[in-house]
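Every value quoted in this text rests on a predicted model; they were computed, and no experiment measured them.
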Amino acid sequence: MPIKIYNSLTRKKEEFVPISDGRVLMYVCGPTVYALSHIGHARSAVAFDVISRYLRYRGYQVKYARNYTDVDDKIIAAADKEGVTSEELAERYIKAFDEDMAGLGVAVPEIRPKATETIVKIIEVTKALIAKGAAYPSGGDVFYSVRRKADYGKLSGKKIDELESGARIEVNEAKADPLDFALWKAGKPGEPSWESPWGKGRPGWHIECSAMCMEHLGESIDIHGGGKDLIFPHHENEIAQSESATGRTPYVRYWLHNGFVNIEREKMSKSIGNILNIRDVLRDHTGEAVRLFLLGSHYRNPIDYSRESLKEAETSLGRFYKTIQRIEDEAPGVRDIEVCASCNEERFMPVIEAMDDDFNAAGVIGTVFSEVTRANRMMDEAASAGKVPSAVELSNSIALFKETAKFLGIFGRTPSEYFAEVKALSSVDAKEVERLIAERNEARRTKDWKRADEIRVGLLEKGVALEDTPKGTIWGVKG
RNA sequence: GGCGGCGUACCCAAGUGGUUAAGGGAGCAGUCUGCAAAACUGCCAUUCAGCGGUUCGAAUCCGCUCGCCGCCUCCA
C-alpha cells in the first residue's frame with residue numbers, strides 16, 4: 001500500500017511517488033534566528049521529524065535538509081538593538097534552537113544549511129534569473145518579475161491581478177511592479193554584506209531557500225514542508241524563483257504545511273504578547289509530554305495550547321509508562337525480547353494504515369492506548385485467575401510500543417527514566433516524600449489510619465500521589 | 001472582497017462511501033483496597049452544525065444556509 005499525502009499544491013490527498021524509487025528528497029523551512037523559538041516552531045519541527053522518521057521506517061532512503069535563515073531584516077534589527085553583530089545574534093539563536101529541538105527529542109536533520117554559507121549559490125541563481133529575463137537589477141537591488149511567470153500563484157491560489165498594487169504592499173520605486181520581490185538587496189553601512197555582480201549586498205527573503213534546496217538536494221525535490229503561513233508569499237516565491245531559474249517543473253512534488261498552535265484559543269502573536277517559548281514549556285514539562293500533546297492532533301489541523309491540554313498529555317504518558325513498568329514487574333525480561341513487527345502484523349496494521357494516510361500520528365496514539373488497556377486487562381485477568389500473564393501476549397504489546405516509538409519519538413524510554421525526569425522537573429523534595437511515606441507506613445502498620453490518611457492527603461496537596469501496591473508504596477508527581 | 005480550512009459526546013480528538021462512529025480526559029456505578037490511588041469492567045454520540053441532493057448505502061460525495069478560523073503584511 002502506498003503512502004498518501006495531502007499536497008497543498010493540488011489540495012488533494014495523493015499517492016506518494018518519489019522522483020526516484022526508494023529515495024526521498026525533503027526540505028523543511030527552519031527558523032529565522034532572531035529570537036528564541038516558540039511552541040509553533042516546535043510543532044513544525046516535531047511534525048516533520050515524525051514524517052522523515054516514518055518515511056525512513058517505511059524503507060525510504062531520506063535526505064532531509066532543514067535550514068537556518070541567518071541573514072534577514074529582523075536579525076539585523078534585533079542585533080542593532082542589542083549592539084551585537086548579526087552573526088553573533090544568529091549564532092546564539094541557532095544554538096538555542098538546537099537545544100530546544102534536543103529537548104523535544106527532534107532528530108537532527110543530516111543537512112542543516114545556513115543562508116550565509118550559501119551566498120555563492122544565491123548569486124548564481126540570481127544571475128540565472130536575470131539571464132532568463134525573470135529578474136532585473138535596479139540600483140543595487142535585484143527583483144524577481146512576478147508577471148513574467150504565467151502560473152505565479154498556483155500554490156496559494158492567488159491571482160496576480162487580485163494581489164494588485166496594493167494597499168498593503170510596500171511601495172518601492174526601484175521595482176518595476178509593486179508585486180515584484182527582492183532577490184538581492186543593496187548593502188547598507190553596518191549590515192552584513194557580500195560582493196556580488198550588483199555591488200555589495202545581501203540576499204532577500206525567499207531566495208535563500210531556493211538556493212539551499214538546490215545546492216544540497218537538487219533542482220527538483222519530493223517534499224517541501226513548513227508552517228501554513230509560509231504558503232504565501234514565501235513558498236509561492238520559492239516556486240517562482242526555482243522553476244524560472246532551472247526551467248524544471250515542478251520544483252517540489254509534494255508541499256506539506258502544518259497548522260498553527262493557538263494559545264488559550266487565541267492566535268499566538270507578538271502584539272497579544274502570548275508567545276510561548278519552547279524552553280519555558282520545557283522548564284516544567286518533559287519534552288515527551290510536549291511531543292505527545294503536539295502529535296495528539298493531525299499535523300494540518302490547528303491545535304490549542306492550554307495548561308489543561310498539556311496536563312492531559314502528561315496524565316496519558318504517565319498511564320503509558322505505568323503500564324510498561326507493570327509489564328516489567330509481572331513478566332520480567334519481556335521488555336528485552338527481540339521482536340519484529342511482522343511477528344505481529346495484524347495488531348500492528350492499524351498503526352501502519354494510520355501513518356500511511358497522511359501521517360496520522362493522532363490515530364496511532366489511539367491504537368497505542370487501546371493496546372495499553374489490552375495489556376492491563378490481560379494482566380488483571382491473569383492475576384485474578386492466579387496465573388502468570390502470557391509473555392507472548394505482553395511481548396506483542398511491547399513490540400507495538402517499540403515499533404511506534406521509532407517514528408513517533410515517544411513511548412520509547414524506560415519507565416524509570418521517564419518518572420525520574422518528571423520528578424526532577426517538579427519542585428518536590430524526594431527525600432522528604434520518602435520520609436513521610438516511611439512515617440505513614442509505620443502508622444499503617446499500627447493501624448493508625450487517621451495519621452496515615454493525613455500524610456497522604458498532605459502529600460496530595462503538594463502534588464504527590466501515593467499508591468499502595470503489594471510491593472510497597474510508590475509515589476508520583478501529579479500536575 | 002479574494003483564496004483556503006474547520007464544525008464528530010461535557011472537554012480534547014481519530015474516522016472522509018458499507019461491520020457495534022477509535023482513543024484520551026472528566027463524570028457516575030462496580031471489582032480491588034483499612035480507606036484510597038492505580039488497574040480493569042459497565043454507563044456516557046442510533047448519531048456526526050442545519051437543510052436538501054446523489055447513492056442500494058453518507059459523518060464521509062455534491063449544493064445551499066449558519067457558525068468559527070487562517071492566509072492575502074513579518075510570522076511555524
- Note on the structure: To the nearest angstrom, the NE2-C1' distance between A:His41 and B:C74 comes to 12 Å
- Item | Any A:Ser384 side-chain nitrogen or oxygen under 4.0 Å from OP1 or OP2 of B:U41 | no
- Task: Using a heavy-atom cut-off of under 4.0 Å over every strand shown, decide if A:Gly366 touches base, sugar-phosphate, or nothing.
- Result: base
- Nearest listed nucleotide, side chain of A:Asp453, among B:C71, B:A76, B:G34: B:G34
- Task: May I ask which nucleotide in the shown strands pairs with B:C35, Watson-Crick or G-U wobble, both distances under 3.5 Å?
- Result: none
- Quiz item: cation-pi between A:Arg300 and A:Tyr6, 6.0 Å / 45°: yes
- Message: If the cut-off is 4.0 Å, is A:Arg377 near the phosphate of B:A39, judged by side-chain N/O to OP1 or OP2?
- Response: no
- Is the aromatic ring of A:Phe369 within stacking range of B:G24, meaning centres under 5.5 angstrom and planes under 30 degrees? no
- May I ask you to say what A:Ile231 touches in the nucleic acid, namely base, sugar-phosphate or nothing, with a heavy-atom cut-off under 4.0 Å? nothing
- N-O pairing of A:Lys74 and A:Asp72 below 4.0 Å: yes
- Taking atom types as modelled, find out whether A:Tyr321 and A:Glu288 have a side-chain donor-acceptor pair closer than 3.5 angstrom. yes
- With a 3.5 Å cut-off and just heavy-atom distances, do the side chain of A:Arg43 and the base of B:A76 make a donor-acceptor pair? no
- Message: Does a side-chain N or O of A:Arg444 approach OP1 or OP2 of B:G34 to a distance below 4.0 Å, or not?
- Response: no
- Item | Interatomic distance, A:Asp49 CG vs B:A76 C1' [rounded to whole Å] | 15 Å
- Query: Considering Watson-Crick and G-U wobble pairs with both distances under 3.5 Å, what does B:A13 pair with?
  - Reply: none
- Message: From CZ of A:Phe359 over to C1' of B:A14, roughly how many Å is that when rounded to an integer?
- Response: 17 Å
- Message: Return the pairing partner of B:C61 with a 3.5 Å limit on both distances, Watson-Crick or G-U wobble; otherwise return none.
- Response: B:G53
- Query: Which part of the nucleic acid does A:Arg66 contact within heavy-atom distance under 4.0 Å: base, sugar-phosphate only, or nothing?
  - Reply: nothing
- Query: If the C1' atom of B:G15 is compared with that of B:A9, how far apart are they to the nearest Å?
  - Reply: 15 Å
- Note on the structure: Answer for the Watson-Crick or wobble partner of B:G7, both distances under 3.5 Å, is B:C66
- Message: So A:Phe320 and A:Ile410, do their side chains get closer than 4.5 Å, heavy atoms only?
- Response: no
- Message: So A:Ser370, base contact, sugar-phosphate only, or nothing? Heavy-atom distance under 4.0 Å.
- Response: sugar-phosphate
- Note on the structure: Between CD of A:Glu353 and C1' of B:G23 the distance, given in whole Å, is 16 Å
- Message: Could you tell me how far apart A:Trp449 (CH2) and B:C35 (P) are, to the nearest whole angstrom?
- Response: 9 Å
- Item | Euclidean distance, atom CZ of residue A:Phe293 to atom C1' of B:C11 [Å, nearest integer] | 14 Å
- Are A:Phe260 and B:A76 stacked, counting the six-membered base ring, centres under 5.5 Å, planes under 30°? yes
- A:Arg279/A:Glu99 salt bridge by N-O under 4.0 Å criterion: yes
- Please state whether the phosphate of B:A22, meaning OP1 or OP2, lies under 4.0 angstrom from any side-chain nitrogen or oxygen of A:Thr367. no
- If you find the nucleotide of RNA chain B closest to A:Ser297 and the one closest to A:Pro233, which residue's nucleotide is nearer the 5' end? A:Ser297
- Have a look at A:Arg456 and say if it touches a base, only the backbone sugar-phosphate, or nothing, with a 4.0 Å heavy-atom cut-off. base
- Query: Are a donor atom and an acceptor atom from the side chains of A:Tyr305 and A:Asn274 found within less than 3.5 Å of each other?
  - Reply: no
- Closer to the 5' end of RNA chain B via nearest nucleotide, is it A:Thr323 or A:Gly259? A:Thr323
- Taking OP1 and OP2 of B:G15, is either one under 4.0 Å from a side-chain nitrogen or oxygen of A:Asn360? yes
- Sugar-phosphate, base or nothing in reach of A:Lys158, heavy atoms under 4.0 Å: base
- Considering Watson-Crick and G-U wobble pairs with both distances under 3.5 Å, what does B:C74 pair with? none
- Considering only NZ, NE, NH1 and NH2 on the basic side and carboxylate oxygens on the acidic side, decide whether A:Asp70 and A:Lys114 come within less than 4.0 Å. no
- Task: Whole angstrom is fine here: how far is it from CZ in A:Arg374 over to P in B:A39?
- Result: 18 Å
- Query: Is a donor-acceptor contact shorter than 3.5 angstrom present between the side chain of A:Asn301 and the base of B:C69?
  - Reply: no
- For B:C43, the Watson-Crick or wobble counterpart (both distances under 3.5 Å): B:G27
- Message: Measure NZ/A:Lys471 against C1'/B:A38 and give the value in whole Å, please.
- Response: 15 Å
- If you measure from the C1' atom in B:U20 to the same atom in B:C43, how many Å do you get, rounded? 16 Å
- Message: Regarding A:His38, tell me which of base, sugar-phosphate or nothing describes its non-hydrogen contacts under 4.0 Å with the strands shown.
- Response: base
- Item | Distance between C1' atoms of B:U31 and B:U47 (Å, rounded) | 32 Å
- Paired nucleotide for B:U19 [Watson-Crick or G-U wobble; both distances under 3.5 Å]: none
- Do the side-chain N or O atoms of A:Asn376 get closer than 4.0 angstrom to the phosphate oxygens (OP1, OP2) of B:C40? yes
- Using a cut-off of 4.0 Å on non-hydrogen atoms, how would the nucleic acid contact of A:Met379 be classed: base, sugar-phosphate, or nothing? nothing
- Is A:Arg347 paired with A:Glu403 through a side-chain N to carboxylate O contact shorter than 4.0 Å? no
